[in-house]
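Right, one structure below, let's go through it.
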Amino acid sequence: MKKEKNNKPSKELPLGFVDRQEKELLIRDFVISNIKEIMIKYGFQYLETPSFEYTESIGKFLPDAERPDQGVFSFKDENNWLSLRYDLTAPLARYVAKNYLEIPKPFKRYQLGTVWRNEKPGPGRFREFLQFDADFVGTKSLQADAELCVMISEILEKCGLKKTDYIIKISSRKITEELFKKLNINDNNQRLTTLRALDKIDRLGWDGVKELLGAGRKDKSGDFTKGANLKSQDIQTIEETLKKKSPESEDLIEILKIFKDYNFSNFEFDPSIIRGLEYYTGATFEVNLKFDVTNNKGQVIQFGSIGGGGRYDNLVNNFGNYDAPATGISIGLDRLVYALMQKKEFKIKQSKPVVICVFDKKAMKEYISLQMILRKAGVSVEIYPGESKLKKQMEYANKIKSPAVILYGENEIKSGKPTLRNLGSGKEKTIEVKELVNEIKKII
RNA sequence: GCAGCAGUAGCUCAGUUGGUUAGAGCACUAGUUUGUGGAACUAGGGGUCGGUGGUUCGAAUCCACCCUGCUGUACCA
């Protein structure tokens, strides 16, 4: 905690939280409106669930400690532990279980919402972020899995990305499942460690992963990570299997066939797409950006994926005895927006008001009248919100990037002709009120 | 959590053989004769040098501990 002098409250933000400014928010709005449009086209229902859930409903583990803070923000109300959701999938499973008798089956819904994770933030990763999720619940059809990928691709392109800007990587848990069977790896811990190690291929390469599959690995800071302790023969089998360029599991073969029917080709089979989550049972996918993303110091950062998902046929059953196989995808919107902001060709329009300068408070009626005329015509306009010298008012207009100021002082009011100053060019024109709208529209 | 590095004004940083009232650029405020911005000039505000304790006549500068941040790594249901 940073101490402020005189015991004033800290102006710093908690670790992992950020203020977001207009430019980012406008791009986010743009992305969201594209998403909504496409979700309607694809026939998904819009859903919102609350930020808080009972802790036991969103975690796989019930709180066994005094305070369940394993990665979630929690607090206790009168009687119960509540937690801020850490994703939108668990709330979906809960919603489906709660409304099972009423909802259509299969159930297709999409959701936009903030999620929170109480963990160490990394570059471009925060403890509060906006997610977009689309899921099919209650169908085993691989058409659903395929369509999710096609749909994400359409969303990204609608947002202005080209085919060369992104790729959807796809794999299946069935591949690793079969490997485990074949190699007789039954210990759940060992399986998990293996999956997690394999998930790191893009970052560590096969050499690093093989260390993690074996005894363990020391990273460059000197920290040591314990490995899965597999036999070297098994490690070799795993490497050979996963290095194959085409899928051999039936589900993937079918999904790829459906992609073909959709004429969708911007994907890549990559058996290292494992995803850390334990609950996936079938296809897994990941959305990766292929252009460079830099941090605020201009350095290119390892951006990684902006989202992913897969099939999870058993998750909803956790809430009851329902047969609800499901598949879904989620996108980290803030990360997508952050990346979009860096595309040079990507411009978002920020409308800034024309400023009517205040020369004399007694003439306020005249200013208001001008303002009403302009607003009626749809022009963004404001009367300078304060009392300052003209110079200050100009500085203000300049600072907010106003396109123009209107000078309506004693002389102008007498003649009924305001002066319009273009803040881009610095040129001024004294014109009739009725011409004002047209002149301003030329500038904007 | 573990490991490495770092912590001086709002921001970017300078300031070590420890020594007078701690500096710069940018930003900010006021002004450069009273109706004009983005340039220039002048003046000004702002820091108990991350914190606490210690060594010393004297510490931003040395030591210890703590806190915070960055990076890597782990975890991420």
Side-chain angles (χ1 to χ4, degrees), chain A residues 1-6 10-16 53 55-64 68-74 83 85-87 89-91 93 115-125 127 129 192-193 195-197 199-200 203-204 208 211-212 216-227 275-280 295-299 301-302 312 314-315 318 332 355-360 363 384 388-413 418-428 430:
Chain A
M1 192 76 69
K2 249 191 184 174
K3 266 192 203 161
E4 291 295 311
K5 57 176 178 178
N6 304 330
S10 172
K11 58 184 180 291
E12 304 304 325
L13 289 168
L15 174 67
E53 298 271 355
T55 299
E56 61 176 58
S57 303
I58 64 167
K60 200 182 76 178
F61 307 103
L62 300 177
D64 50 2
D69 58 356
Q70 288 274 73
V72 295
F73 292 99
S74 305
S83 294
R85 62 185 175 205
Y86 62 85
D87 72 6
T89 310
V115 302
W116 295 265
R117 295 195 185 169
N118 190 0
E119 61 196 22
K120 189 194 147 186
R125 294 184 183 273
R127 296 207 292 176
F129 54 98
L192 264 180
T193 311
L195 289 177
R196 283 173 190 153
D199 198 40
K200 298 180 175 76
R203 205 150 35 85
L204 307 179
E211 285 172 17
L212 284 174
R217 173 177 181 271
K218 198 185 230 182
D219 70 52
K220 71 178 177 188
S221 71
D223 195 28
F224 185 77
T225 310
K226 266 171 69 178
R275 315 270 317 151
L277 284 80
E278 211 177 331
Y279 59 64
Y280 287 121
N295 63 13
N296 54 11
K297 284 176 188 156
Q299 302 157 318
I301 54 175
Q302 170 101 32
Y312 52 99
N314 303 319
L315 186 63
N318 285 348
V355 175
I356 299 173
C357 294
V358 176
F359 287 83
D360 185 351
Y384 175 76
S388 307
K389 295 200 269 189
L390 224 214
K391 182 177 165 124
K392 294 296 155 206
Q393 303 191 34
M394 297 293 289
E395 282 172 0
Y396 166 81
N398 191 50
K399 180 84 180 175
I400 66 168
K401 296 197 172 78
S402 165
V405 296
I406 290 171
L407 304 167
Y408 205 36
E410 208 180 335
N411 301 338
E412 284 93 349
I413 290 174
T419 297
L420 180 67
R421 183 184 175 91
N422 180 332
L423 287 178
S425 65
K427 283 182 186 152
E428 279 180 10
T430 300

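Quick note on labels: first sequence line is chain A, next is B, and so on, each numbered from 1. This is a predicted model, so every value here is computed, not measured.
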Does any part of the side chain of A:Leu212, heavy atoms only, come nearer than 4.5 Å to the side chain of A:Lys200, both counted from C-beta? yes
How close or far is atom C1' of B:U73 from atom NZ of A:Lys226, stated in whole angstroms? 16 Å
Under 3.5 Å for both donor-acceptor distances, Watson-Crick or wobble: does B:C2 have a partner, and if so which one? B:G72
Nearest whole Å is fine: how far is B:A3 P from A:Lys120 NZ? 13 Å
Residue pair A:Leu423 / A:Met394, side-chain heavy-atom distance below 4.5 Å: yes
Judged by nearest nucleotide, the residue sitting upstream toward the 5' end of RNA chain B, A:Ser425 or A:Leu315, is A:Ser425
Applying ring-ring contact (aromatic ring centres under 6.0 Å, His included), can you list everything that pairs with A:Tyr408, at least two apart in sequence or on another chain? none
Given RNA chain B, 5'-ward residue of the pair A:Gly424 and A:Glu119, judged by closest heavy atom: A:Gly424
If pairing requires Watson-Crick or G-U wobble contacts with both distances under 3.5 Å, which nucleotide is the partner of B:A24? B:U12
Determine whether a donor-acceptor pair (N or O, by modelled atom type, separation under 3.5 Å) exists between the side chain of A:Glu53 and the backbone of A:Pro91. no
Please report, rounded to the nearest Å, how far the C1' atom of B:U71 is from the CZ atom of A:Arg203. 13 Å
Atom-to-atom span, CD1 of A:Ile356 to C1' of B:U36 - whole angstrom: 16 Å
Determine whether A:Phe359 and A:Leu407 make a side-chain contact, defined as any pair of heavy atoms from C-beta on separated by less than 4.5 Å. yes
Give the rounded distance in Å between these two atoms: CG of A:Asp199 and P of B:U73. 13 Å
Base-pairing mate for B:C41 - Watson-Crick or G-U, with both contacts under 3.5 Å: B:G31
Does the aromatic ring of A:Tyr279 sit over the six-membered base ring of B:A77, closer than 5.5 Å centre to centre and tilted less than 30°? no
Out of B:A74, B:G37, B:A77, whichever nucleotide has its closest atom nearest the side chain of A:Thr225: B:A74
Round to the nearest Å and state the distance from A:Leu407 atom CG to B:G37 atom C1'. 11 Å
When you measure from the side chain of A:Asn398, which nucleotide among B:G38, B:C70, B:G35 comes out closest? B:G38
Does A:Asn422 have any side-chain contact (heavy atoms from CB on, under 4.5 Å) partners at least two apart in sequence or in another chain, and if so, which? A:Ser425, A:Ile443
Between N or O atoms, less than 3.5 Å apart, protein on one side and nucleotides 25-28 of chain B on the other: list the pairs.
none

Report yes if the side chains of A:Arg217 and A:Leu204 come closer than 4.5 Å at any heavy-atom pair, otherwise no. yes
Side chain of A:Leu15, heavy atoms from C-beta onward: which of B:C70, B:G35, B:A74 has the nearest atom to it? B:C70
Could you state the CZ-C1' distance from A:Phe359 to B:U36, rounded to the nearest angstrom? 8 Å
Quick one: A:Leu390 CG to B:G35 C1', roughly how many Å, whole number? 5 Å
Regarding the side chain of A:Asn411, the nearest nucleotide among B:U73, B:G37, B:G35 is B:G35
Partner lookup for B:U55, please. Criteria are Watson-Crick or G-U wobble with both distances under 3.5 angstrom; report none if nothing qualifies. none
Side chain to side chain donor-acceptor pair (under 3.5 Å) filter on A:Thr419, not counting sequence neighbours, yields A:Glu412, A:Thr430
Listed nucleotide nearest any side-chain atom of A:Tyr86, set B:U73, B:U36, B:A77: B:A77
Base, sugar-phosphate, or nothing: which does A:Gln393 touch, judged by heavy atoms less than 4.0 Å apart? nothing
Base, sugar-phosphate, or nothing for A:Lys401, non-hydrogen atoms under 4.0 angstrom? nothing
If you go through the side-chain atoms of A:Glu428, does one of them form a donor-acceptor pair with the base of B:G35 closer than 3.5 Å? no
If only atom types and distance count, is the side chain of A:Arg117 paired as donor or acceptor with the main-chain N or O of A:Tyr86 below 3.5 Å? yes
If you only use heavy atoms from C-beta on, which nucleotide in B:A74, B:G37, B:A77 is closest to the side chain of A:Lys200? B:A74
Between the protein and nucleotides 31-34 of chain B, which nitrogen or oxygen pairs come in under 3.5 angstrom?
| residue | atom | partner | partner atom | Å |
| --- | --- | --- | --- | --- |
| B:G31 | OP1 | A:Lys389 | NZ | 3.2 |
| B:U32 | O4 | A:Lys391 | NZ | 3.3 |

Quick check: do A:Asn118 and A:Val72 have side-chain heavy atoms less than 4.5 Å from each other? no
Not counting sequence neighbours, which residues clear side-chain contact (heavy atoms from CB on, under 4.5 Å) with A:Ile400? List them please. A:Pro353, A:Val355, A:Glu382, A:Tyr396, A:Ser402
